*Asks:* 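Here's a structure for you.
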Amino acid sequence: MNSPKICKNFINGEWVDAVSEAVFEDRNPADTNQVVSVFPRSDGRDVALAVEAAAAAFPRWRLMPAPRRAEILYRAAQRLAERKEELAADMTREMGKVLEEARGDVQEAIDMAYFMAGEGRRQYGQTTPAELPNKFAMSLRSPLGVCGLITPWNFPMAIPSWKILPALICGNTVVIKPAEDAPLSCYHFVKILAEAGLPRGVVNLVAGFGEEAGEAILAHPGVKMISFTGSTDVGRHVSERCAPQFKRLHLEMGGKNVIMVMEDCNLELAVDGAVWGAFGTTGQRCTASSRIVVHKEVYIEFLEHLVERARALRVGDGLDPAVQMGPLINRDAADKVSQYVQSGIQEGARLLSGGHALTDGVFANGFFFEPTVFANVQPGMRIAQEEIFGPVVSVIPCDSFEAAIEIGNNVRYGLSASIYTQDVNRAFVAMREMETGIFYVNAPTIGAEIHLPFGGTKQTGNGHREAGVAALDTFSEWKSIYVDYSGRLQRAQIDS
Ligand code: UN1
């Protein structure tokens with residue numbers, strides 16, 4: 001067993017304890033006897049120091065040419081790639097996802113670093129013809145200032161990278177608070193950025209809890225922008241806290257993503273996709289395929305295969321290469337999943353497999369749960385409407401393609417959706433009709449790549465996107481410039 005790693009906050013280029021000297025432990029959800037790391041438990045005083053450092057670093061960082069900023073990101077990408085295995089293993093230890101998926105999480109950070117480094121040589125604005133002779137019109141991006149980033153535990157390196165890297169390449173400085181359940185991966189990421197040559201104060205890490213450090217970031221007037229990924233309930237609170245100061249706000253929240261399985265699909269492929277989409281990362285992705293709407297002609301056959309596959313999944317410690325599904329993140333998550341299973345049974349859905357926490361033998365010290373399949377789910381049931389964030393999938397029968405679209409859209413979230421069909425026309429209609437930010441054809445609802453916008457509609461987001469070039473819009477604002485070189489007062493038609 002590894003001994004716990006003692007970690008500090010990173011403020012103004014120094015590794016420091018919390019002002020209060022309080023600490024908290026980051027434990028392994030596969031074996032809670034293992035303390036993976038110990039972090040400072042920060043409060044408003046630490047946040048104030050971090051914001052002060054970020055504000056002081058901003059004027060110089062803003063003026064550093066973006067291609068120079070990009071060089072730091074390139075170096076960080078290389079270092080991340082060199083250390084991928086070790087970073088992935090620490091991630092599995094701190095939050096439980098299987099090693100292969102943890103590698104994927106680190107890879108998203110690597111990809112994002114290369115992508116955003118590339119943007120250091122682009123960040124294109126527009127030049128347009130002006131209305132008048134001898135006049136020039138163009139737009140350019142400006143940074144926002146100090147960005148406050150609040151990130152979740154389920155993608156503990158990828159999501160910090162989705163926020164920190166576009167923020168930096170646009171010329172902002174950053175204060176980040178990673179989730180208290182998995183701060184170590186973000187710590188590694190920030191350390192690598194610092195080693196890659198980031199000037200002091202440009203990125204500051206403040207570990208701690210939402211009610212303490214998180215609230216202080218939301219309240220601080222020096223923080224010009226907040227980017228938050230987490231639940232819709234917390235997102236609503238964040239939104240309310242930002243409103244009085246009109247802080248720019250990017251929210252990335254819940255999902256209730258649907259796979260639509262049509263009667264003409266390759267069924268084997270659809271079952272494969274459903275297993276991966278529903279049980280990958282133990283269902284703890286905002287993109288998880290938590291609903292599967294299946295055409296009645298293939299419903300029974302699909303269910304038979306899905307249940308067989310769900311029962312065969314090997315649950316355990318994600319560090320064991322034979323294990324396919326790791327634990328839930330903590331006790332609250334395990335309790336929440338159990339409550340949803342009870343709710344499904346009470347509302348009359350048919351529990352076909354799983355449904356129980358695993359608590360004996362090797363499972364005794366972790367938060368393990370059986371892969372769970374409910375059939376005959378009605379679209380209005382709570383298990384078909386609310387985000388469970390666990391290994392529970394609701395299979396809903398439907399009569400037609402049109403009915404699948406209607407059921408698929410009839411939730412308050414709008415992150416990701418998918419269809420399995422061999423009919424290209426249906427695929428395109430579904431692509432157009434689904435009210436989600438992400439759509440897949442013949443693939444599950446998870447697995448978004450970093451070079452396209454990531455985010456959702458309805459109660460999933462607030463209109464901004466991260467990843468891809470769209471992330472630059474989230475982390476910068478436009479300035480429009482008019483230069484009149486005619487040497488006289490000119491008035492356009494709109495002025496006269
Ligand atoms: C999340 O669960 O918050 O598309 C992010 C995916 C991953 C990211 C998930 N690339 O499933």
Side-chain angles (χ1 to χ4, degrees), residues 88 91 95-98 100-115 149-166 176 178-179 181-182 185-186 189 227-235 238 250-259 272-291 325-326 328-329 333 387-393 413-418 434 436-441 443-457 459-462 464-468 470-471 474:
M91 186 181 297
M95 55 70 68
K97 70 168 95 173
V98 297
E100 210 179 318
E101 293 182 36
R103 287 190 192 107
D105 192 312
V106 178
Q107 188 60 44
E108 283 199 35
I110 297 168
D111 293 346
M112 189 59 108
Y114 281 123
F115 183 90
L149 313 179
I150 300 177
T151 55
W153 48 265
N154 68 333
F155 276 78
M157 187 175 290
I159 294 180
S161 83
W162 297 1
K163 298 187 192 304
I164 292 176
L165 299 171
I176 185 163
D181 279 309
S185 298
C186 182
F189 184 68
S227 176
F228 166 81
T229 299
S231 71
T232 297
D233 284 344
V234 178
V238 169
H250 159 245
L251 294 171
E252 169 52 40
M253 303 175 285
K256 193 70 191 174
N257 314 292
V258 68
I259 294 180
D272 262 348
V275 171
W276 171 225
F279 303 122
T281 327
T282 321
Q284 301 173 108
R285 294 193 189 212
C286 54
T287 51
S289 310
S290 52
R291 294 182 297 151
M325 195 179 97
L328 290 161
I329 188 68
E387 186 175 48
I388 300 174
F389 229 60
V392 180
V393 65
Y413 299 111
L415 184 55
S416 183
S418 106
M434 292 311 292
T436 54
I438 305 171
F439 184 71
Y440 292 87
V441 178
T445 57
I446 68 175
E449 304 176 14
I450 63 87
H451 43 255
L452 288 181
F454 184 93
T457 65
Q459 290 191 22
T460 293
N462 64 341
H464 294 285
R465 292 290 185 269
E466 52 196 337
T474 301

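Counting starts at 1 for both ligands and their atoms, following the listed order. Remember, predicted model here, so these are calculated numbers, not experimental data. Worth knowing before you read on, the calculation uses all heavy atoms, side chains too, and leaves out hydrogens, waters and symmetry mates.
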*Asks:* Working to the nearest 0.5 angstrom, can you tell me the gap between Ser418 OG and Ile259 CD1?
*Replies:*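 So the gap between those two atoms works out to 4.5 Å.
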*Asks:* So among His464, Glu252, Lys163, which one has a side-chain contact (heavy atoms from CB on, under 4.5 Å) with Thr474?
*Replies:*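 With Thr474 as partner, side-chain contact (heavy atoms from CB on, under 4.5 Å) holds for just one option, His464.
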*Asks:* Is Arg285 close enough and on-axis enough to Trp276, meaning under 6.0 Å and within 45°, for cation-pi?
*Replies:*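 Pair Arg285/Trp276 counts as cation-pi.
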*Asks:* Who are the salt bridge (charged side-chain N to carboxylate O under 4.0 Å, His left out) partners of Arg291, not counting sequence neighbours?
*Replies:*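 Partners of Arg291 by the salt bridge (charged side-chain N to carboxylate O under 4.0 Å, His left out) criterion come out as none, since no residue qualifies.
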*Asks:* Just one of Thr282, Ile329, Ile159 clears the side-chain contact (heavy atoms from CB on, under 4.5 Å) bar with Asn154, so which one?
*Replies:*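 Answer to the side-chain contact (heavy atoms from CB on, under 4.5 Å) test with Asn154 among Thr282, Ile329, Ile159: Ile159.
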*Asks:* Are any of the side-chain heavy atoms of Lys256 and Ile388 separated by less than 4.5 Å?
*Replies:*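 Result yes, sub-4.5 Å side-chain heavy-atom pair found.
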*Asks:* For ligand 1, give me the residues whose heavy-atom distance to it is below 4.0 Å, by chain and number please.
*Replies:*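 Shell around ligand 1 (4.0 Å, heavy atoms): Glu108, Asn154, Phe155, Ile159, Trp162, Arg285, Cys286, Thr287, Ile446, Gly447, Ala448, Phe454.
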